[in-house]
Amino acid sequence: RKEVEQDPGPFNVPEGATVAFNCTYSNSASQSFFWYRQDCRKEPKLLMSVYSSGNEDGRFTAQLNRASQYISLLIRDSKLSDSATYLCVVNGNTGFQKLVFGTGTRLLVSP
Amino acid sequence: DTGVSQDPRHKITKRGQNVTFRCDPISEHNRLYWYRQTLGQGPEFLTYFQNEAQLEKSRLLSDRFSAERPKGSFSTLEIQRTEQGDSAMYLCASSLGGGRGEQYFGPGTRLTVT
């Protein structure tokens, strides 16, 4: 079983739609959780950290369920510029050194 | 630009040759990481430095790979006797100590071994 599992997609949605991505992780000792965004042939960019209480940043909302080892990302009012691959990321050990990435979920937003 | 920088951005080499990549982290970051990413996969951890000390290495880092961070600032990753399976994007990231460990990535070096 992979340490971080994501649906690879692609998710094809029209502009303005709401889309949700899910992710599960296997290491119950993980302490930090993130969503990164990666455009084609570019580096991953930190989108947001994920907190136990859930957190929101504009159109983006992240949720964490430690009991189920489940992380989600909700994007409201999708824009064309949201088209990218979204990577679910957890730290793989204590001390926050090693990040473990999912394979990513590809999002395509169309006009 | 005060982000992470990497050089070169692209490298094409013949099998058996040695290659070296450089990473300059964000200036106040004392932690530096190397990852490798192949097509359709997320980045995979290779190694981690805190200041000049290499504190963790992945099993992916065979004895043909060596990384250094001699003065706790920039880092180099060398691959000796390259193989076609080494073709990948090599990503460097840096972070501050403490906090949640957010890592910020450089643009990567894309290696093609022919």
Side-chain angles (χ1 to χ4, degrees), chain A residues 2-10 21 23-27 29-53 55 57 62 64 66 71 73 84-106, chain B residues 1 3-7 9-10 21 23 25-26 29-51 53-61 69 88-112:
Chain A
K2 290 186 177 179
E3 286 190 69
V4 179
E5 299 211 47
Q6 294 181 253
D7 182 340
F21 305 138
C23 160
T24 57
Y25 62 95
S26 61
N27 185 353
S30 296
Q31 298 291 320
S32 296
F33 309 89
F34 309 95
W35 284 99
Y36 278 73
R37 170 199 168 121
Q38 187 170 30
D39 293 290
C40 188
R41 301 180 74 84
K42 300 284 190 181
E43 75 273 23
K45 292 188 188 293
L46 179 64
L47 181 65
M48 57 199 303
S49 298
V50 186
Y51 301 104
S52 295
S53 55
N55 49 301
D57 182 1
L64 168 65
R66 284 186 182 271
I71 306 164
L73 177 69
T85 295
Y86 291 83
L87 297 160
C88 178
V89 187
V90 307
N91 81 310
N93 56 5
T94 56
F96 313 113
Q97 287 93 37
K98 170 187 166 184
L99 294 183
V100 180
F101 287 76
T103 54
T105 298
R106 191 166 172 217
Chain B
D1 186 346
V4 179
S5 62
Q6 293 187 245
D7 185 70
R9 297 289 302 276
H10 304 274
F21 310 142
C23 170
I26 295 170
H29 286 184
N30 62 342
R31 297 183 176 188
L32 185 148
Y33 314 80
W34 286 98
Y35 291 82
R36 179 172 69 187
Q37 186 175 24
T38 54
L39 197 62
Q41 302 297 316
E44 294 175 293
F45 172 81
L46 292 178
T47 191
Y48 151 66
F49 290 85
Q50 182 164 309
N51 300 312
Q54 188 174 20
L55 297 185
E56 191 168 350
K57 290 170 63 172
S58 164
R59 287 189 297 274
L60 293 174
L61 215 64
R69 193 181 183 200
M89 174 79 91
Y90 289 84
L91 292 159
C92 176
S94 69
S95 73
L96 282 170
R100 294 179 56 79
E102 291 91 345
Q103 296 181 19
Y104 298 89
F105 284 81
T109 295
R110 185 169 297 279
L111 173 67
T112 302

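FYI, side chains are in, hydrogens and waters are out, and symmetry mates aren't considered; it's all heavy atoms of this structure. Residue numbering restarts at 1 for every chain, and letters A, B, ... go by the order of the sequence lines.
The shortest non-hydrogen separation linking B:L91 to A:P44 is CD1-CD, 4.0 Å. A pairwise comparison of heavy atoms in B:P43 and A:L87 identifies CD-CD1, 4.4 Å as the closest pair.
Listed options A:E43, A:K45, A:R106 were ranked by heavy-atom pairs under 4.5 angstrom with chain B; first place goes to A:E43. By number of non-hydrogen pairs under 4.5 angstrom with chain A, the leading residue of B:G106, B:G40, B:G108 is B:G106.
Under the 4.5 Å side-chain criterion, counting only non-hydrogen atoms from C-beta, B:Q103 is in contact with A:Y36. Counting only heavy atoms from C-beta outward, the side chains of B:Y104 and A:L46 approach each other to under 4.5 Å. Put simply, the side chain of A:L99 does not reach to within 4.5 Å of the side chain of B:Y33, judged on heavy atoms.
Within the model, atoms NZ of A:K98 and NZ of B:K57 stand 14.5 Å from one another, a figure rounded to the nearest 0.5 Å.
At a 4.5 Å heavy-atom cutoff, the contact between A:R41 and chain B is made by backbone and side-chain atoms alike.
A donor-acceptor contact closer than 3.5 angstrom links the side chains of A:Q38 and B:Q37.
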(request) Walk me through it: do B:E102 and A:F34 pass the test side-chain contact (heavy atoms from CB on, under 4.5 Å)? (result) CA-CA 8 Å; B:E102 291 91 345; A:F34 309 95; 3.7 Å; yes
